[in-house]
Amino acid sequence: MSTALKPNAELALAFASSFSRPSYSKSNSTQLPRMPSGSLPNNFSGLSLASSSGLSQSKHVCSLSKNDSGESSGGFSYKDAGVDIDAGAELVRRIAKMAPGIGGFGGFFPLGDSYLVAGTDGVGTKLKLAFDTGIHDTIGIDLVAMSVNDIVTSGAKPLFFLDYYATSRLDVDLAEKVIKGIVDGCQQSDCALLGGETAEMPGFYAEGEYDLSGCAVGIVKKDSVINGKNIVAGDVLIGLPSSGVHSNGFSLVRRVLAHSGLSLKDQLPGKSATLGEALMAPTVIYVKQVLDIISKGGVKGIAHITGGGFTDNIPRVFPRGLGAVIYKGSWEIPAVFKWIQEAGRIEDAEMRRTFNMGIGMVLVVSREASRRIIEDENGAYCIGEVVTGEGVSYR
């Protein structure tokens with residue numbers, strides 16, 4: 001028996017606006033299916049609305065720092081690089097009029113006493129760096145991460161993942177490397193690679209290039225959904241460190257690189273890694289860590305920090321009338337972000353709305369839970385607090 005999806009209060013969960021949407025386009029291509037037998041029936045209909053390893057950090061700080069001037073540097077911006085976040089937000093608002101209930105990090109489909117939670121995403125123009133560096137075996141980890149990190153923000157455990165790989169001419173050895181990364185990502189998030197699609201489209205992509213997208217589906221009990229509705233002023237923001245740029249902001253990164261006079265083979269200033277290695281570091285998959293933290297209680301909301309950075313993603317989990325203060329200097333900003341900002345002369349506000357700045361996931365927790373998390377989690381930082389008002393400020 002199938003259940004038709006209709007707009008209702010059960011699906012309109014308390015999440016704020018998303019900055020991405022599912023892709024509805026279809027390619028005119030030769031399809032090479034990789035779906036196993038016994039796949040899901042065609043009557044599954046979800047609301048997809050996804051927007052994106054161990055870490056050695058052990059220091060945790062909870063401190064305040066002085067305000068900076070915020071003066072314009074006249075440098076590059078994400079919009080200058082061709083990405084208009086505001087236009088994306090406007091499109092989501094228009095789509096919401098046609099498909100009520102969208103707007104969070106994942107789409108919810110009621111199933112008995114649970115929700116299936118779905119998310120879909122790609123890895124953006126990080127692919128261009130994969131082509132330039134020849135690093136193809138980790139880009140699949142990025143692909144999985146962008147979707148599973150989105151759906152875990154609701155407390156959902158990922159069940160399975162599906163991928164889409166498109167190219168003009170199928171290079172089997174290259175595709176194998178990419179899919180190996182997808183398998184690694186699924187293992188890190190404890191979900192099954194259920195199947196996928198390979199599309200060979202002659203003349204559509206440049207020689208040696210390909211495109212990727214994927215979707216993840218998870219499950220969470222209805223009475224266990226993390227939706228932010230219980231967040232109050234005084235709750236604490238806990239940041240989990242990123243591995244670097246992760247999988248967003250690369251249009252701006254590439255523009256900065258092109259104007260820096262450096263190549264991907266050059267050393268990242270002050271570090272032993274090359275720029276290519278630093279920029280291609282795979283996105284951290286937070287699934288197991290976040291689910292473990294949730295299981296111990298006190299987690300009220302979770303934000304995956306992708307496009308939009310802190311400025312746009314953290315408010316998505318707050319009830320109306322609440323905002324956040326971020327403590328500048330309360331975590332270590334990776335060297336790659338310092339290089340991007342300096343080389344591109346990028347304003348602080350633009351950096352914070354484009355990149356994760358070293359924090360890939362933010363948990364909104366009670367004060368009691370914050371103390372336990374800081375003690376238990378290697379590398380977790382107290383980065384701010386919830387305040388009365390709206391938006392995100394820095395001090």
Side-chain angles (χ1 to χ4, degrees), residues 12-20 49 51 61-71 78 85-86 88-90 92-93 96 102-106 149-150 153-155 225-240 242 248-249 290 293 298-331 333 347-371 373-374 380-395:
L13 299 179
F15 294 104
S17 292
S18 166
F19 295 95
S20 64
L49 49 123
S51 331
V61 183
C62 189
S63 63
L64 297 175
S65 63
K66 296 179 181 179
N67 286 320
D68 56 6
S69 64
E71 293 178 354
Y78 208 11
I85 295 175
D86 293 323
E90 173 59 24
V92 169
R93 282 191 288 270
I102 77 164
F105 287 98
N149 284 345
D150 270 356
T153 62
S154 64
V225 172
I226 306 294
N227 58 16
K229 67 180 181 180
N230 295 322
I231 294 173
V232 297
D235 284 339
V236 177
L237 304 183
I238 299 294
L240 303 182
S242 70
N248 68 278
V290 167
I293 294 172
V299 178
K300 300 182 179 183
I302 306 174
H304 183 200
I305 309 303
T306 56
F310 285 178
T311 305
D312 290 344
N313 283 296
I314 293 175
R316 292 168 64 178
V317 305
F318 290 160
R320 289 185 182 275
L322 294 178
V325 170
I326 302 296
Y327 306 151
K328 294 188 300 181
S330 59
W331 73 94
I333 296 176
E347 298 179 23
D348 287 345
E350 188 69 18
M351 291 292 294
R352 294 165 182 157
R353 201 187 180 201
T354 304
F355 301 109
N356 66 61
M357 300 304 293
I359 299 294
M361 193 75 80
V362 173
L363 286 70
V364 186
V365 306
S366 66
R367 288 200 171 272
E368 295 75 19
S370 71
R371 289 189 284 269
I373 294 169
I374 291 297
Y381 297 93
C382 169
I383 66 167
E385 63 183 292
V386 180
V387 296
T388 301
E390 295 189 347
V392 178
S393 60
Y394 301 82
R395 69 184 191 205

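Distance check, rounded to the nearest 0.5 Å: CD1 of I302 to CD1 of I238 gives 12.0 Å. Separation of atoms OG1 (T306) and CZ (F105) is listed at 6.5 Å; rounding is to 0.5 Å. Rounding to the nearest 0.5 angstrom, the gap separating the CD1 atom in I314 from the CG atom in L322 is 13.0 Å. Here the CD1-CG distance, from I333 to N356, works out to 10.5 Å after rounding to the nearest 0.5 Å. Interatomic distance, OG of S242 versus CD1 of I305, reported as 10.0 Å (0.5 Å rounding). Between E350 atom CD and F355 atom CZ the span is 8.5 Å, to the nearest 0.5 Å.
Closest of all the heavy-atom pairs between D86 and R93 is O-NH2, 4.5 Å. Taking all atoms of both residues into account, the shortest heavy-atom contact from T388 to A233 is OG1-CB, 3.9 Å. Across all non-hydrogen atoms, the minimal contact from S330 to Y381 is O-CD2, 3.3 Å. Of all non-hydrogen atoms in G298 and A369, the two that sit nearest each other are CA-CB, 3.8 Å.
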Step by step, work out the side-chain contact (heavy atoms from CB on, under 4.5 Å) result for K328 and R395.
-> CA-CA 6 Å; K328 294 188 300 181; R395 69 184 191 205; 5.6 Å; no

Full working for side-chain contact (heavy atoms from CB on, under 4.5 Å) between F310 and Y394 = CA-CA 10 Å; F310 285 178; Y394 301 82; 3.3 Å; yes

Start with the C-alpha distance between V236 and C382, add both sets of side-chain angles, then the distance that settles side-chain contact (heavy atoms from CB on, under 4.5 Å), and finish with yes or no.
-> CA-CA 7 Å; V236 177; C382 169; 3.9 Å; yes

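Side-chain contact between I359 and L240 is absent, with no heavy atoms from C-beta onward closer than 4.5 Å. At a threshold of 4.5 Å between non-hydrogen side-chain atoms, the residues V386 and V232 do not count as touching. By the 4.5 Å heavy-atom criterion applied to side chains, V317 and I231 are counted as neighbours. Annotation: side chain of V365 is not in contact with side chain of D235 (no heavy-atom distance under 4.5 Å). Between L237 and V364, some side-chain heavy-atom pair lies under the 4.5 Å cut-off.
Judged as a salt bridge (Lys or Arg N to Asp or Glu O under 4.0 Å), and not counting sequence neighbours, E390 has no contacts. A349 meets the side chain to side chain contact (heavy atoms under 4.5 Å, CB included) test with no other residue; sequence neighbours excluded.
Judged by distance alone, the side chain of R367 and the main-chain N or O of G234 form a donor-acceptor pair under 3.5 Å. A donor-acceptor contact shorter than 3.5 Å links the side chain of N313 to the backbone of G307. When atom types are taken as modelled, the side chain of T153 and the backbone of D150 share a donor-acceptor pair closer than 3.5 angstrom. Using a distance-only test at 3.5 Å, with no hydrogens or angles considered, no donor-acceptor pair links the side chain of W331 to the main chain of A380.
A salt bridge is defined here as a Lys NZ or Arg NE, NH1 or NH2 lying under 4.0 Å from an Asp or Glu carboxylate O, and R353 with D312 meets this definition.
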